[in-house]
Engineer: 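Have a look at this one.
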Amino acid sequence: MALLHLLMELAPRWALQLTVLHLDHGLRAAESSQDAEFVSGLAARMDLPLILSRVDVRQQAQDSGENLEQAGRRARQTFYTRHLSSGALDRVAVGHTRSDQAETVLFRLMRGSGATGLAGIWPVTREGIVRPLLGVGRGDVLAWLRSRGLAWREDSSNRDLRFSRNRIRHQLLPELRKWNPAIVETLANLAAASQAEEQHWEQVTDRLAAERLRVGAEGVLTQAAEWQQLSLAEARRLARRAVQLAKGDLLRVDFKHIEEMLKLLRLPGGSGKLSIPGIRIERSMGWVRLATPPEAEEGSVEYQFRLEAPGSRCIPWLGTEIRLERLVRAEDPGSEPGGASGYNTNRIHDLDWAALTEPLTLRNWRAGDQFRPAGRSTFRKIKDWLQRKRVPAWDRPGWPVIVSKGHIVWMGRFGAADGYAAADTTPEILRIREI
């Protein structure tokens with residue numbers, strides 16, 4: 001109420017066009033409906049547009065496994081984001097005060113938050129939320145409302161001591177004031193100092209992430225060796241960023257999870273696996289991958305496709321397309337053969353079309369499969385080739401091969417099998433591209 005009336009006074013000076021938003025959480029039966037009616041009447045009297053929405057937060061909490069506080073917070077964020085992303089609004093202003101900031105910092109401190117959490121509530125967010133009253137105490141807001149004779153409504157759930165924030169507000173903070181009468185200001189100052197630190201670290205972490213993290217369909221990849229020279233503070237920040245990129249958020253990820261991840265990353269060698277809330281972390285052949293569990297398991301899916309030349313086939317869970325072309329050298333004198341066989345970064349390989357028998361089959365390699373690259377004298381199991389070339393464990397299960405009449409004639413990244421590679425004089429070529 002104070003925020004709305006203050007913005008109405010400032011609107012002519014700041015060229016503001018105001019809209020009132022209200023979300024009915026449906027948690028307090030008739031009282032919730034009366035709140036909505038109160039806001040609707042207020043918007044009508046002030047001649048302001050109103051966006052009113054209702055959600056069943058209790059049902060959402062049951063569906064998601066969250067508590068009511070978490071589900072309500074998520075419902076509000078979704079509500080705000082929906083209307084911001086529609087372009088109808090430039091910003092959503094909410095009424096958090098310095099008192100709310102102090103409660104948030106204290107709550108996070110008791111929960112074991114790191115420095116990032118101590119920054120508390122931000123006055124401006126990337127999503128477009130602004131908090132103009134964050135520097136003002138709750139008592140000052142109430143005094144201002146009374147001085148203007150403005151009515152407001154109290155949410156009865158704010159007195160319910162089952163909620164941790166209410167216990168902090170009504171029980172813990174009054175006790176702390178006996179030790180420090182300015183405890184609210186002290187905690188708010190801590191948040192302000194932490195926010196300045198966070199802004200600095202955000203820039204540092206942006207640079208480190210650009211240098212060391214590779215984000216793709218398979219998750220987030222990083223080389224363990226690139227973490228060895230980082231300070232512990234840098235490594236912790238970068239680990240949080242990696243988790244956030246892979247998972248989409250940092251919910252339920254706390255200090256101990258980040259420390260476990262750093263142990264895996266900073267080992268001098270070896271391999272290992274780790275699961276933290278919503279993320280599976282795996283180290284293999286010097287690489288570390290972070291992926292959500294379904295993505296981490298998709299590589300084990302077996303596949304087998306018939307290939308046509310020309311033609312292509314996508315393997316979505318590998319993020320790869322295999323494309324086949326038939327080239328007649330006499331008709332295409334400018335065509336250069338694809339790169340030599342042998343595991344390398346080249347993704348174009350040429351096979352002798354005359355040595356092949358249709359149909360061609362694209363499939364993942366299987367236990368017992370053997371392969372001899374062009375120019376090599378001995379067969380090896382594909383499993384051995386992948387290990388020798390330090391292919392990370394998560395990439396191995398779906399590694400592609402092409403089969404002709406029961407023989408493996410091509411292997412992803414390794415190229416043509418011995419006896420099937422095109423020569424400079426081969427008249428008709430099957431060109432295979434890994435994209």
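Numbers for residues simply follow the sequence, beginning at 1.
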Engineer: Between R148 and E9, is there a side-chain N and carboxylate O pair less than 4.0 Å apart?
Structural biologist: yes

Engineer: Do NZ/NE/NH1/NH2 and the carboxylate oxygens of R207 and E202 come within less than 4.0 Å?
Structural biologist: no

Engineer: How are the rings of H83 and F79 set to each other: parallel, tilted or perpendicular (split at 30° and 60°)?
Structural biologist: perpendicular

Engineer: Would you check if the side chain of H170 reaches a backbone N or O of R167 as a donor-acceptor pair within less than 3.5 Å?
Structural biologist: no

Engineer: Would R390 and S284 count as having a side-chain donor-acceptor pair, cut-off 3.5 Å?
Structural biologist: no

Engineer: Measure the spacing between CG of L6 and CE of M8 and express it to the nearest 0.5 Å.
Structural biologist: 11.5 Å

Engineer: Have Q387 and W385 got a donor and an acceptor in their side chains that come within less than 3.5 Å?
Structural biologist: no

Engineer: List the atom of R283, the atom of G270, and the distance in Å for their closest heavy-atom pair.
Structural biologist: NE-O, 3.3 Å

Engineer: Determine whether more than 12 heavy atoms belonging to other residues, nucleotides or ligands lie under 6.0 Å from atom CD of Q171.
Structural biologist: yes

Engineer: Is the backbone of R366 close enough, under 3.5 Å, to the side chain of D369 for a donor and an acceptor to pair up by distance?
Structural biologist: yes

Engineer: For N189 and T186, test the side chains for any donor-to-acceptor distance below 3.5 angstrom and give the result as yes or no.
Structural biologist: no

Engineer: Quick one: do R138 and E103 make a salt bridge, cutoff under 4.0 Å?
Structural biologist: yes

